[in-house]
Amino acid sequence: MQISFIPFDYSSFDWQGRNYVAVIGRDDKGKRACIVDSFEPYFWAVLKDGVSSKKTDELQKKIEKIKVEMPGRTTVVEKTELCKKKFLGNDVQAIKVFITNYKDAHAVADKMGFPEIEARREYDISFITRYIIERKLIPLSWHKISGELVGANDFGGIETGLDVDICLKAEKIEIQEKSDDKKFSPKIMAYDIEADEFEIGKGEIVMISMFSGNFKKVLTWKKSPAKTDYIEYCKDEADMLEKFAGHIKKESPDLLVGYFSDGFDLPYLRARAEHNRVKLALGLDGSQPTFARGRIPSGKIFGIVHVDLLRFIETVYSQYLQSETLSLNEVATELLGESKKNFEFKHSRKIKEHEWKDYFEYNLQDSVLTYKLAEKFWYDMLEFSKIIQEPLFDITRDGMSQLVENHLLHNLDRFNEIAEKRPLHDEIEHRRGREKYEGAFVFQPTPGLYENLAFFDFTGMHSSIIISFNLSKSTLLDKKEKNCYESPELELEGKKTRFYFSKKEAFFPALLKEIFEIRKGYKKELKENPDPIKKARSNAYKLLANASYGYLGFFGARYYSVEAAASTLAFVRKYNKEIIDKVNKAGYPVIYADTDSVAFSLGKKTKTEALELLKKLNSELPGIMELELEDFYKRGIWVTKRTGEFGAKKKYALITEKGKLKIRGFETVRRDWCRLARELQNQVLHKILTEGNEKSALEYVKNVIKKVKDRKADKKEILIRTQLKKPISEYKSITPHVIAAKKMEEAGMPVDVGMLIEYFIAETHETKKLVREKVKLPDEKGEYNIKYYLEHQIVPAVENILEVFGISKDELLGKEQKKLGEF
DNA sequence: GTTAAGGCCATACC
DNA sequence: ACCGGTATGGCCTTAAC
């Protein structure tokens with residue numbers, strides 16, 4: 001029989017010592033299907049140059065005798081094939097080594113230490129990735145699958161107890177052209193738990209909420225008078241866990257989405273199920289969730305894609321968010337305009353009868369928000385999965401470099417390339433230990449207020465350089481050749497040098513070019529005709545292109561190349577400086593520049609003239625490099641560093657003619673300054689940039705200073721928030737936020753790595769000199785320290801800005817110091 | 001015991 | 001371990017007196 005099929009979940013299983021995959025998806029009528037499939041697993045032995053055909057024959061025979069015994073199975077080399085391939089861009093002879101079980105690829109490769117073999121490769125590619133490459137069953141794309149129905153006794157009875165409508169053994173897989181036209185909306189269910197303790201498994205789970213659009217439910221085993229349609233009372237915790245699994249089976253979602261659920265909800269559920277000795281049968285085959293090890297364990301459920309939305313947002317979207325943390329509340333407020341319900345967390349013992357209803361609502365709301373965010377990010381997940389060709393489960397958890405690498409792996413066969421290996425421990429250590437290479441150039445600005453500015457910047461500068469000069473590991477030459485690309489002079493490991501790159505087409509720059517051009521196309525289409533799918537697709541290509549440069553210098557990369565990374569930056573410096581020179585010579589004084597941008601004064605020249613200059617600059621750029629207008633600005637301000645008289649880099653504020661502010665680097669945009677200082681600075685910048693002088697700003701500053709002195713500042717405005725980046729015990733330097741974290745721990749509050757620690761600086765006894773000795777938690781009794789807030793928050797936030805107008809630090813401080821003495 | 005340099009630390013820019 | 005280097009600035013630690 002034949003079906004239309006869209007795959008979204010991939011798992012592997014062994015039967016009679018061989019590997020199989022079970023792919024879960026839907027057909028075009030919305031029925032759930034499982035495709036059982038397999039392929040002949042293999043890896044590669046790349047031969048040294050000039051091995052004779054006689055030697056090759058002998059070698060193949062030797063390899064074909066290899067056998068490894070494993071508990072419960074025997075893997076042999078089934079057959080070998082001699083092929084013409086490419087490895088790092090070079091033509092090579094390679095032996096394709098087919099083996100019984102892919103799990104033993106490494107063990108077989110280990111037995112192949114023959115002198116004719118240059119390298120053994122591709123035994124370290126994940127089985128699912130390998131499967132997708134071999135059989136081209138692309139995640140979230142429509143396929144036509146023909147095959148036989150799987151019977152009750154096939155594959156050790158996998159079909160029995162598998163909750164699907166159709167189970168097919170694939171024979172032929174064809175991708176459907178124009179599959180884009182066919183819509184697929186997955187059934188999404190969001191979930192959230194509330195527990196009595198934050199430590200995984202330590203307390204009891206009090207309630208579980210679920211939401212999937214038309215289905216809403218809060219399960220609890222606590223007794224309360226609250227009665228609403230969605231509350232379901234259970235006998236005890238064990239009963240609640242089983243009912244949870246029951247509802248998931250009945251509702252049958254494709255995606256089960258949580259927020260921080262890899263780190264909290266799912267492991268907690270698993271731990272409580274174990275504690276209660278019940279089975280948490282969430283998988284379509286009745287299996288329990290499993291956890292893949294990693295920096296953060298990843299919770300996998302057979303047949304249902306478990307997505308921890310936080311992880312996806314972290315890697316692909318956090319750079320676009322204004323939110324200071326990625327908490328569900330902040331992210332939902334920013335993206336949905338909807339927030340969590342107010343409920344002050346407490347142990348269930350302490351919850352009063354009438355409060356339970358609020359607690360249930362709170363719990364449900366978390367699922368509702370998670371669900372709405374998942375809907376919002378669906379197109380992004382879909383596009384990433386389709387473009388990278390990796391399952392949803394993986395693309396929602398991979399870091400940017402992993403995404404870049406997987407995109408490469410899925411496209412290497414188009415170049416007949418054998419993949420490079422993943423670096424091993426020693427190699428990683430070595431890479432991490434190397435000296436840093438020189439980065440981009442940042443222009444030293446002259447402090448001042450400027451009028452009528454233009455900003456130019458390079459579009460995708462790093463990518464366009466990698467593409468234009470064919471930079472990569474496989475194009476790096478040992479020495480200068482005729483007709484090659486030559487990097488500008490650069491310093492690496494203390495030596496001045498240059499690198500040379502071949503002009504021959506190579507997979508890394510070629511694939512990047514493809515990404516770059518496709519993105520350009522979608523960006524243009526999007527301008528003319530916006531739609532969310534195109535937007536998500538354009539963004540996915542953009543992120544992929546932007547991460548490619550970082551990938552070159554990432555120690556974990558298969559195609560790591562310091563030479564290519566350092567050369568990229570040498571070109572970045574060269575072209576940024578060249579543009580600065582040319583802009584200056586054209587009669588526009590350059591005010592500032594950083595990496596890929598240049599800001600300059602228009603003076604008496606017009607915008608049209610500036611755009612003419614842009615055209616001219618572009619005509620002189622090599623390859624696909626391109627400079628574009630970022631914007632014109634009415635005014636801009638640059639200030640001095642706190643120490644010294646030079647202009648501070650990466651710190652400026654601009655205003656457009658329409659009055660839109662662009663603030664970079666100032667305390668206003670830093671989350672570790674108190675709100676009062678940030679808001680004050682924001683107002684001061686706004687006033688100065690709108691009005692062109694400091695008059696009303698100065699007035700405003702004085703009022704705030706008075707407010708602080710009169711103790712009129714609100715507690716919320718003076719709280720300082722700093723992130724705890726590692727466990728308290730690992731801090732060498734005990735800073736105020738570490739003290740605050742310690743205090744929280746003592747008070748029995750949860751303290752986790754990654755948390756934003758809130759505190760304020762209080763009035764204390766004179767003998768306490770250090771700032772950390774004055775630290776108090778928000779709820780602690782005490783007045784804020786007037787001297788500290790004036791001298792360390794309020795004045796520092798504005799002194800450098802007012803200094804531009806000749807209001808010196810001494811003047812500002814001197815005036816205030818006398819008054820400060822009163823306290 | 002005081003002070004200044006250096007280091008640790010968090011955060012931002014691109 | 002999960003993209004790079006450049007830069008600011010606060011506060012603590014430590015060396016030198």
Side-chain angles (χ1 to χ4, degrees), chain A residues 293-296 298 311 314-316 319 324 394 397-406 422-423 425 428-429 431-432 434-445 457-458 460-462 543-557 560-562 564-566 568-570 572-573 576 592-597 630 639-644 646-652 662-673 677 720-726 730-739 756-757 761 769-775 788 791-793 796-797 800:
Chain A
R293 339 181 258 286
R295 193 169 47 96
I296 308 157
S298 303
R311 293 183 70 173
E314 253 175 358
T315 44
V316 315
Q319 59 166 329
E324 281 168 21
D394 302 272
R397 289 172 173 81
D398 286 345
M400 275 322 293
S401 269
Q402 195 65 57
L403 294 174
V404 170
E405 186 156 289
N406 283 331
R422 203 187 288 141
H425 185 264
I428 289 180
E429 287 297 295
R431 290 177 183 184
R432 298 190 74 195
R434 67 145 173 81
E435 268 181 48
K436 287 215 250 181
Y437 45 84
E438 193 183 342
F441 171 73
V442 188
F443 187 91
Q444 174 90 63
D457 60 16
F458 283 93
M461 191 185 205
H462 297 73
L543 288 174
L544 214 51
N546 288 349
S548 292
Y549 154 70
Y551 174 83
L552 285 178
F554 168 49
F555 53 78
Y560 171 84
S561 171
V562 225
T568 307
L569 283 178
V572 166
R573 288 191 295 276
N576 194 20
Y592 186 61
D594 185 347
T595 312
D596 61 352
S597 70
E630 197 260 339
V639 301
T640 58
K641 293 211 298 176
R642 186 91 67 230
T643 50
F646 294 111
K649 298 172 177 181
K650 298 185 185 290
K651 226 175 157 178
Y652 58 90
K662 178 177 169 179
I663 300 179
R664 291 291 118 101
F666 275 110
E667 284 76 2
T668 297
V669 299
R670 294 182 61 95
R671 68 175 183 192
D672 56 350
W673 280 68
I720 296 167
R721 312 205 294 168
T722 313
Q723 192 180 28
L724 192 72
K725 306 271 265 190
K726 53 190 174 189
E730 282 175 28
Y731 278 89
K732 287 193 183 105
S733 175
I734 309 304
T735 49
H737 82 293
V738 176
I739 290 296
L756 272 191
I757 307 294
I761 305 304
K769 292 263 160 50
L770 293 172
V771 177
R772 67 165 177 233
E773 292 170 321
K774 305 176 204 285
V775 164
Y788 175 84
E791 290 182 4
H792 294 262
Q793 296 274 333
N800 294 71

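Note that the structure is a prediction, hence the values are computed from the model and not measured. Per chain, numbering begins at 1; letters A, B, ... match sequence-line order.
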- Task: For Y652(A), report the nucleic acid contact type (base, sugar-phosphate, nothing); a contact means any heavy atom under 4.0 Å.
- Result: sugar-phosphate
Whole-Å distance, I757(A) CD1 to dC11(C) P, equals 17 Å
Original post:
Would you call K651(A) and E667(A) a salt bridge, taking side-chain N to carboxylate O under 4.0 Å as the test?
Top reply: yes
Separation of dG5(C) atom P from F555(A) atom CZ, nearest Å, is 10 Å
Using a heavy-atom cut-off of 4.0 Å across all strands, would you classify I428(A) as base, sugar-phosphate, or nothing?
nothing
Taking any heavy-atom pair under 4.0 Å as a contact, classify F646(A): base, sugar-phosphate, or nothing. nothing
> Touch check for R434(A), heavy atoms < 4.0 angstrom, all strands: base, sugar-phosphate only, or nothing?
Replying inline: sugar-phosphate
In whole angstroms, the gap separating P of dG5(C) from CG of L552(A) amounts to 12 Å
Is it true that the side chains of T722(A) and D672(A) contain a donor and an acceptor less than 3.5 Å apart?
no
Restricting both atoms to N or O, compile the protein contacts to nucleotides 6-8 of chain C shorter than 3.5 Å, with distance only.
residue	atom	partner	partner atom	Å
dT6(C)	OP1	G439(A)	N	2.6
dA7(C)	OP1	K649(A)	NZ	2.9

The reported gap from NZ in K662(A) to OH in Y652(A) (rounded to nearest 0.5 angstrom) is 4.5 Å
Residues passing the side-chain contact (heavy atoms from CB on, under 4.5 Å) test with L756(A), sequence neighbours excluded, are T325(A), R671(A), R721(A), Q723(A)
When rounded to whole Å, the CD to C1' distance for the pair E773(A) and dC12(C) reads 11 Å
Here the distance between atom C1' of dG9(C) and atom CG of D672(A), to the nearest Å, is 9 Å
>> Please determine whether a side-chain nitrogen or oxygen atom of R293(A) lies at a distance below 4.0 Å from atom OP1 or OP2 of dA1(C).
In response: no
Below 4.0 Å: OP1/OP2 of dC11(C) and any side-chain N or O of H792(A): yes
- Task: Looking at every strand, decide which applies to K726(A) at a 4.0 Å heavy-atom threshold: base, sugar-phosphate, or nothing.
- Result: sugar-phosphate
So CG of L552(A) and NE2 of H462(A): to nearest 0.5 Å the spacing works out to 10.5 Å
Here the gap from K726(A) atom NZ to L724(A) atom CG, rounded to the nearest 0.5 Å, amounts to 9.5 Å
In whole angstroms, the gap separating C1' of dC3(C) from CD of E314(A) amounts to 14 Å
Note: for G556(A) and E435(A) on DNA chain C, the residue whose nearest nucleotide lies more 5' is G556(A)
Can you classify the ring geometry of H737(A) versus Y731(A) as parallel (below 30°), tilted (30 to 60°) or perpendicular (above 60°)?
perpendicular
In whole angstroms, the gap separating C1' of dG10(C) from CG of L770(A) amounts to 13 Å
(message) Can you confirm whether the side chains of D398(A) and N406(A) place a donor and an acceptor under 3.5 Å from each other?
(response) yes
Between the CG atom in D594(A) and the NZ atom in K650(A), the distance rounded to the nearest 0.5 Å is 3.5 Å
Outermost contacting nts on DNA chain B, any atom under 4.0 Å from chain A heavy atoms, listed 5' then 3', are dC8(B) to dC14(B)
So, is Y731(A) close to the dC11(C) phosphate, meaning a side-chain N or O under 4.0 Å from OP1 or OP2? no
Rounding to 0.5 Å, atoms OG1 (T568(A)) and CZ (R573(A)) come to a distance of 10.5 Å
Rounded to whole Å, CD1 of I739(A) lies from P of dC11(C) at a distance of 14 Å
